[in-house]
Amino acid sequence: MTVTTTATPGTSQGLPSLGPEGTALLRLLDDTFEGWGVRAGARPMTMPPLLPAADLARLDYYDNFPHQAVVAAPLDLAARATSEFCTDTGCFPCDALQPAALGLPSASCYAVYIDHRGRVAADDELVTVVGWCFRKEEHYEGLRRQLGFRMREIVAIGTREHAEAHLASFTERITSFAEALDLPLRKEPACDPFFDKGSSKAVLQRLTPVKHEFLYEDLAIASVNTHRNFFGDRCDIPLASSGGPAFTSCVAFGLERWLSALTRRHGSWEAATAAVLRANAAGPAI
């Protein structure tokens with residue numbers, strides 16, 4: 001049996017809702033992943049849901065991810081007199097809006113790097129955040145592919161060794177958790193264009209992938225990502241020990257995608273929740 005959310009007007013637009021059972025399981029999963037980060041020494045932080053488009057542009061976001069980008073703009077009150085909301089299209093016309101100076105990020109970690117801009121970093125910092133993320137897709141599908149979704153991330157900032165050890169540790173943790181959940185995952189290399197496609201860093205990425213995804217069937221529900229010193233350089237985050245740009249890496253969990261995978265595997269909200277509770281009780285190895 002496959003569990004689906006109650007049909008809502010926003011489902012076909014990538015904006016489904018969750019009932020009480022799904023909400024409780026999402027909170028349980030997020031508490032689980034946040035707990036992993038906190039026990040590893042991560043500082044929990046709360047980031048804004050929107051970011052200045054200028055900050056994201058400095059990170060090449062709109063060059064590297066134009067197909068996913070979503071921006072926000074306030075109404076131009078003076079123009080509203082002649083440019084009203086169109087009920088036929090369900091849209092405000094462009095000339096009814098002020099310039100779109102706010103971006104809706106596609107991943108939670110961008111806000112962490114922007115928040116650390118100009119700040120000296122220790123060799124071994126960890127931060128954990130959860131945030132609403134937004135991605136324009138060619139199509140949307142239930143909890144598998146959404147316009148707006150929640151992502152828990154655990155971010156490492158520091159030395160190259162710290163960033164690499166962070167990913168190695170959480171790769172083991174995700175693998176152990178999936179085994180305890182009886183959730184068969186496969187780890188596959190993926191490509192995120194953090195770097196200018198013609199640059200030497202982009203060539204290096206093709207030789208040594210910077211992103212690995214954990215897939216249930218054909219659905220990526222978690223990923224481990226290294227950015228080398230890209231964000232440390234772009235956001236001017238120097239290391240206290242060397243003065244050079246900090247290295248960063250992150251571990252990401254798409255919470256709604258975990259709900260989809262678990263309910264597809266176990267057949268019901270109740271059975272999926274019981275599986276997570278059993279896995280959490282399995283011990284410190286997880």
Side-chain angles (χ1 to χ4, degrees), residues 2-6 8 10-11 13-40 42 44-49 68 70 104-112 127-135 137 140-155 170-171 173-178 180-181 183 185 187 190 211-225 250-266 268-280 286:
T2 300
V3 177
T4 58
T5 57
T6 303
T8 65
T11 300
Q13 298 173 313
L15 300 169
S17 60
L18 283 174
E21 299 92 343
T23 298
L25 180 53
L26 185 143
R27 288 176 177 169
L28 174 61
L29 284 166
D30 188 43
D31 288 346
T32 297
F33 301 142
E34 181 185 35
W36 292 359
V38 169
R39 287 193 292 275
M45 297 186 70
T46 300
M47 296 298 169
Q68 294 181 344
V70 182
L104 284 69
S106 61
S108 299
C109 61
Y110 287 110
V112 176
V127 173
T128 185
V129 295
V130 65
W132 277 100
C133 299
F134 302 85
R135 295 181 184 177
E137 302 276 10
Y140 299 107
E141 182 184 355
L143 297 175
R144 292 169 53 88
R145 196 169 297 275
Q146 298 176 260
L147 171 59
F149 58 96
R150 277 151 290 199
M151 182 184 292
R152 165 64 64 179
E153 295 206 46
I154 306 164
V155 180
F170 277 89
T171 292
R173 195 170 292 240
I174 292 168
T175 301
S176 297
F177 188 55
L181 288 169
L183 186 69
L185 298 184
K187 180 186 175 187
K211 179 186 183 79
H212 285 85
E213 294 177 332
F214 294 86
L215 292 91
Y216 174 70
E217 297 177 338
D218 63 340
L219 182 66
I221 63 175
S223 65
V224 291
N225 312 268
C250 67
V251 181
F253 304 91
L255 296 179
E256 283 85 354
R257 289 188 174 198
W258 276 83
L259 296 185
S260 175
L262 285 167
T263 51
R264 185 174 177 83
R265 177 65 173 173
H266 293 289
S268 69
W269 293 119
E270 182 180 15
T273 301
V276 175
L277 291 171
R278 287 194 301 271
N280 283 345
I286 296 173

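Side-chain atoms are counted along with the backbone in the values below, which use heavy atoms only and exclude waters and symmetry mates. The first residue of the sequence shown is numbered 1, and numbering continues consecutively from there.
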Novice: Can you tell me how far apart CD (Glu34) and CZ (Arg39) are? Round to the nearest 0.5 Å.
Specialist: 10.0 Å

Novice: Where the side chain of His212 meets the backbone of Thr171, is there a donor-acceptor pair that is under 3.5 Å apart?
Specialist: no

Novice: Could you check if a side-chain atom of Leu29 sits within less than 4.5 angstrom of a side-chain atom of Phe253, using non-hydrogen atoms only?
Specialist: no

Novice: Do Arg265 side-chain atoms and Leu183 backbone N/O form a donor-acceptor pair below 3.5 Å?
Specialist: no

Novice: For the pair Gln146 (side chain) and Leu15 (backbone), establish whether a donor and an acceptor sit closer than 3.5 Å, ignoring hydrogens and angles.
Specialist: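 Side chain of Gln146 to backbone of Leu15: no pair is present.
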
Novice: Counting distance only, does the side-chain N/O of Ser108 pair as donor-acceptor with the main-chain N or O of Met151 below 3.5 Å?
Specialist: yes

Novice: Looking at Lys187 and Glu213, is any side-chain nitrogen of the basic one under 4.0 Å from a carboxylate oxygen of the acidic one?
Specialist: no

Novice: Ion pair present between Arg264 and Glu217, side-chain N to carboxylate O less than 4.0 angstrom?
Specialist: yes

Novice: What are the two closest heavy atoms between Ala180 and Ala279, and how far apart are they?
Specialist: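 Heavy atoms only, the tightest pair is CB-CB, 3.7 Å.
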
Novice: Can you check whether Ser260's main-chain N or O pairs, donor with acceptor, with Thr263's side chain at less than 3.5 Å?
Specialist: yes

Novice: Report yes if the side chains of Leu143 and Pro16 come closer than 4.5 Å at any heavy-atom pair, otherwise no.
Specialist: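 When only atoms from C-beta onward are counted, Pro16 and Leu143 do touch, with a gap below 4.5 Å.
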
Novice: Does Pro44 reach the side chain of Val129, with side-chain heavy atoms less than 4.5 Å apart?
Specialist: no

Novice: Is Arg144 salt-bridged to Asp218, cutoff N-O under 4.0 Å?
Specialist: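 Yes, this pair counts.
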
Novice: Checking Glu21 side chain against Glu270 main chain: does a donor-acceptor pair fall under 3.5 Å?
Specialist: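 No; zero donor-acceptor contacts below 3.5 Å.
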
Novice: Does any non-hydrogen side-chain atom of Phe149 lie less than 4.5 Å from one of Leu255?
Specialist: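 Contact flag for Leu255/Phe149 side chains = no.
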
Novice: Would you indicate whether the side-chain heavy atoms of Phe177 and Thr175 approach each other to under 4.5 Å?
Specialist: no

Novice: For this output row, return yes or no: ring centroids of Trp258 and Phe33 closer than 6.0 angstrom.
Specialist: yes

Novice: Flag the pair Arg150 / Leu26 as yes when at least one side-chain heavy-atom distance between them is below 4.5 Å, and no otherwise.
Specialist: yes

